[in-house]
Amino acid sequence: QVQLVESGGGLVQAGGSLRLSCAASGRTFSSYAMGWFRQAPGKEREFVAAISRFGGSTLYADSVKGRFTISRDNAKNTVSLQMNNLKPEDTAVYYCARGRAGVFGVNRDEYDYWGQGTQVTVSS
């Protein structure tokens, strides 16, 4: 069973930065793409960013492009999301997710394991 544990959320003022981390259990971390999603109150969970197995390719939602950076360390089984120039509309619970075998995409159904989420709140 794969476990994903997020950390690094918190309260920050608009324009500030946060770095989220996700630690994964298991010995096959580098076999899968990883992604970050977020869910704001009353809204559906949406794609934020994804990174391929060895980090050579990344995908970003238009709303975060140029502000967020996803990265991974396969030696430590971790994936991170550096968030800069945060805006109030970035407020949400952020989830780390593991891609299904052979998949690298932006849709929720392309991910099979999810963390419990970490809250990010951006004040104006």
Side-chain angles (χ1 to χ4, degrees):
Q1 185 76 3
V2 175
Q3 288 189 321
L4 303 174
V5 180
E6 302 97 336
S7 61
L11 173 64
V12 64
Q13 288 188 333
S17 298
L18 280 175
R19 185 176 181 86
L20 305 183
S21 293
C22 172
S25 64
R27 294 180 289 179
T28 60
F29 181 73
S30 62
S31 297
Y32 302 92
M34 297 294 296
W36 287 95
F37 289 73
R38 67 186 182 187
Q39 187 166 17
K43 295 188 177 181
E44 291 193 354
R45 194 171 298 188
E46 65 175 6
F47 171 77
V48 175
I51 189 165
S52 60
R53 294 167 54 196
F54 297 103
S57 296
T58 55
L59 298 169
Y60 294 96
D62 287 344
S63 59
V64 306
K65 206 170 290 184
R67 300 188 298 123
F68 291 11
T69 302
I70 188 171
S71 60
R72 66 189 296 162
D73 185 338
N74 286 344
K76 297 181 178 179
N77 280 19
T78 59
V79 59
S80 299
L81 185 68
Q82 177 66 42
M83 306 185 296
N84 297 329
N85 190 22
L86 283 160
K87 304 176 181 181
E89 51 263 43
D90 294 317
T91 295
V93 177
Y94 283 71
Y95 297 90
C96 169
R98 193 191 78 169
R100 296 185 185 276
V103 175
F104 175 49
V106 305
N107 299 308
R108 284 180 299 174
D109 60 4
E110 294 176 309
Y111 293 80
D112 54 3
Y113 287 95
W114 296 80
Q116 292 299 307
T118 185
Q119 176 71 47
V120 171
T121 303
V122 184
S123 62
S124 57

*Asks:* For D112, give me all partners under side chain to side chain contact (heavy atoms under 4.5 Å, CB included), at least two apart in sequence or on another chain.
*Replies:*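 By the side chain to side chain contact (heavy atoms under 4.5 Å, CB included) rule, D112 matches R98, R100.
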*Asks:* Has Q3 got more than 12 heavy atoms of other residues, nucleotides or ligands less than 6.0 Å from its CD?
*Replies:*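 No, because the 6.0 Å sphere around CD of Q3 holds 12 heavy atoms or fewer from other groups.
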*Asks:* What closest approach, in Å, do Y60 and K65 show between heavy atoms, and which atom pair accounts for it?
*Replies:*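 Of all heavy-atom pairs spanning Y60 and K65, the closest is O-CE, 3.7 Å.
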*Asks:* Going by side chain to side chain donor-acceptor pair (under 3.5 Å), name the residues that satisfy it together with T69, two or more places apart in sequence or in a different chain.
*Replies:*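 T69 satisfies side chain to side chain donor-acceptor pair (under 3.5 Å) with no residue once adjacent residues are dropped.
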*Asks:* Between W114 and F37, is a ring pair (Phe, Tyr, Trp, His ring centres under 6.0 Å) present by the stated rule, with each step listed?
*Replies:* CA-CA 10 Å; W114 296 80; F37 289 73; 5.0 Å; yes
*Asks:* Which residue pairs pass the side-chain hydrogen bond (donor to acceptor under 3.5 Å, both in side chains) test when at least one of the two sits in residues 11-30, sequence neighbours left out?
*Replies:*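 Those involving residues 11-30 are S17-N84, R19-Q82.
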*Asks:* Is the count of non-hydrogen atoms from other residues, nucleotides or ligands lying under 6.0 Å from Q116 atom CD greater than 12?
*Replies:*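 Open.
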*Asks:* Spell out, as yes or no, whether a donor-acceptor pair under 3.5 Å connects the side chain of T91 to the backbone of V122.
*Replies:*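 The answer is yes, because a donor-acceptor pair under 3.5 Å joins these two groups.
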*Asks:* What residues form a side chain to side chain contact (heavy atoms under 4.5 Å, CB included) with A33, not counting sequence neighbours?
*Replies:*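 With neighbours one apart ignored, the set is F104.
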*Asks:* For this output row, return yes or no: ring centroids of Y32 and Y113 closer than 6.0 angstrom.
*Replies:*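 No, ring centres 6.0 Å or more apart.
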*Asks:* Give every residue pair that meets the salt bridge (Lys or Arg N to Asp or Glu O under 4.0 Å) criterion with at least one member in residues 67-87, sequence neighbours excluded.
*Replies:*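 Qualifying pairs, neighbours excluded: R67-D90.
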*Asks:* Tell me, please, which residues at least two apart from D109 pass side chain to side chain contact (heavy atoms under 4.5 Å, CB included).
*Replies:*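 Checked D109 against side chain to side chain contact (heavy atoms under 4.5 Å, CB included); matches are N107.
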